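Please read the structure below before turning to the comments.
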Amino acid sequence: MSVSYETADKALAARMGDKSLAHSRGVSQAAGQLALIYGVDTEEARLAGLLHDWDRELSHDELASRAAAAGLPTSAAEEASPRLLHARTGAVALREAVPGLSSEVLTAIERHTLGDPRMGPLDMVVYVADMIEPGRHYQGVDDLREAAGTISLEELFAEAYRHSVSHLIKARKPIHPLTVEVWNTLVARRRP
């Protein structure tokens, strides 16, 4: 790893507001703790957690433009809600903005919003950390925090993902096709 936490934090602080920066630092902290519990590289987890929302504050038009410029295919769900693009456009932008990040860190950033059927340990750590960082307050977050270390990382990720899918359904929001694919993959893995 050739990128220090301090370098990444300075780069992020130059482009984020205080609230988003506090969230990103909270995700970094939670990712580091989860990584330690589950035997994942803590430095990579802290970096991926810190930088996961690199493009989160961009406008919908800016996100759509970045996706188009990078040649990223977009779904109907992303066109209806361009905010979903921030994970993928952020990973692309970070390749140039913060050179030296590992492909694992960039992949974890890319997968932190929708997930992926091929989630690796670092991907799952960052996804869960985004949901349980200290600034998050929603029904069920304490259950997720308490489950960390008592169940496997895969089970913790599946439980966090279930919360996300439930939230989408309760809020009557559209569900991205990749979300359905990830959920179906998780359910299939849990069948006896």
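Predicted model, so just to flag it, every value in this text is computed and none were measured. Side-chain atoms are counted along with the backbone in the values below, which use heavy atoms only and exclude waters and symmetry mates.
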Shortest non-hydrogen contact between E110 and A91, atoms and distance | CB-CB, 3.9 Å
Among residues two or more places apart or on two chains, list those pairs meeting salt bridge (charged side-chain N to carboxylate O under 4.0 Å, His left out) that have a residue in residues 135-146.
-> D130-R136, D142-R145
Indicate yes or no: at least one non-hydrogen side-chain atom of F157 is less than 4.5 angstrom from one of L186.
-> yes
The reported gap from CG in L12 to CZ in R15 (rounded to nearest 0.5 angstrom) is 7.5 Å
Side-chain donor or acceptor of R46 paired with backbone N/O of A31 under 3.5 Å | no
Are M124 and L156 close enough that some pair of their side-chain heavy atoms sits under 4.5 Å apart?
-> no
With a 4.5 Å limit on heavy-atom distance, are the side chains of L106 and S103 in contact?
-> no
Cluster link L114 to V27, ILVMFWY, side chain under 4.5 Å = no
With sequence neighbours left out, what residues match E133 under salt bridge (Lys or Arg N to Asp or Glu O under 4.0 Å)?
-> none
V126 side chain reached by I109 side chain, heavy atoms, under 4.5 Å | no
What do the steps show when you test E155 against S152 for side-chain hydrogen bond (donor to acceptor under 3.5 Å, both in side chains), and what is the final call?
-> CA-CA 5 Å; E155 290 172 300; S152 72; 3.1 Å; yes
For L85 and A67 the tightest heavy-atom approach is CD1-CB, 4.1 Å
Any donor-acceptor N or O pair under 3.5 Å, side chains E62, S59 | yes
Do S20 and R56 have side chains that get closer than 4.5 Å, going by heavy atoms?
-> no
Do the side chains of Y138 and M131 get nearer than 4.5 Å, heavy atoms only?
-> yes
So, do R66 and D61 sit near enough that their side-chain heavy atoms are less than 4.5 Å apart?
-> no
Heavy-atom closest contact (V141 atom, H137 atom, distance) = CG1-CA, 4.4 Å
Quick one: pull up CD1 in I151 and CD in E154 and give me the separation to the nearest 0.5 Å.
-> 10.0 Å
Nearest-0.5 Å distance, CD of residue Q139 to OG of residue S166 | 11.0 Å
Sequence neighbours excluded, every pair satisfying side-chain hydrogen bond (donor to acceptor under 3.5 Å, both in side chains) that has a member inside residues 84-93 | D53-H86, D55-T89, E78-R88, H86-H112
Only counting residues at least two apart or in another chain, list the ones meeting salt bridge (Lys or Arg N to Asp or Glu O under 4.0 Å) with R95.
-> none
Look at the side chain of E57 and the backbone N and O of G17, then say whether any donor-acceptor pair between them is shorter than 3.5 Å.
-> yes
ring-ring contact (aromatic ring centres under 6.0 Å, His included) with H163: which residues, sequence neighbours excluded?
-> none
Is there a side-chain contact (heavy atoms from CB on, under 4.5 Å) between L47 and S28 once you walk through the steps?
-> CA-CA 7 Å; L47 271 176; S28 179; over 6 Å; no
Check: D9 side chain, E6 main-chain N or O, donor-acceptor pair, under 3.5 Å = no
Would you say M16 and V3 are hydrophobically clustered, going by side-chain heavy atoms of ILVMFWY under 4.5 Å?
-> yes
Hey, does the side chain of Y127 reach the backbone of A160 with a donor-acceptor pair shorter than 3.5 angstrom?
-> no
Do you know which two heavy atoms are closest between P117 and T185, and how far apart they sit?
-> CB-OG1, 3.7 Å
Could I get the full list of salt bridge (Lys or Arg N to Asp or Glu O under 4.0 Å) partners for D41, not counting sequence neighbours?
-> none
So do I132 and L34 actually touch side chain to side chain, heavy atoms under 4.5 Å?
-> yes
What's in the same ILVMFWY side-chain cluster as L36, cut-off under 4.5 Å, chained through other members?
-> none
Can you name the nearest heavy-atom pair linking P121 to V40, along with the distance?
-> CB-CG2, 3.7 Å
With Y38, which residues qualify under ring-ring contact (aromatic ring centres under 6.0 Å, His included), at least two apart?
-> none
Pairs under 3.5 angstrom only: tabulate donor-acceptor contacts from the side chains of residues 174-183 to other protein residues two or more places apart or in another chain.
{"residue": "H176", "atom": "ND1", "partner": "L178", "partner atom": "N", "Å": "2.9"}
{"residue": "H176", "atom": "NE2", "partner": "S75", "partner atom": "OG", "Å": "3.0"}

Tightest non-hydrogen contact, residues L94 and L51, listed as CD1-O, 3.8 Å
Shared hydrophobic cluster, L21 / L58 (ILVMFWY, side-chain heavy atoms < 4.5 Å) | no
The remaining residues in the hydrophobic cluster of V92, counting side-chain heavy-atom contacts under 4.5 Å among Ile, Leu, Val, Met, Phe, Trp and Tyr, are L72
Residues two or more places apart in sequence or in another chain: which of them pass salt bridge (Lys or Arg N to Asp or Glu O under 4.0 Å) with D116?
-> R111, R118
Quick one: which residue pairs count as a salt bridge (charged side-chain N to carboxylate O under 4.0 Å, His left out) with a foot in residues 29-39, not counting sequence neighbours?
-> none
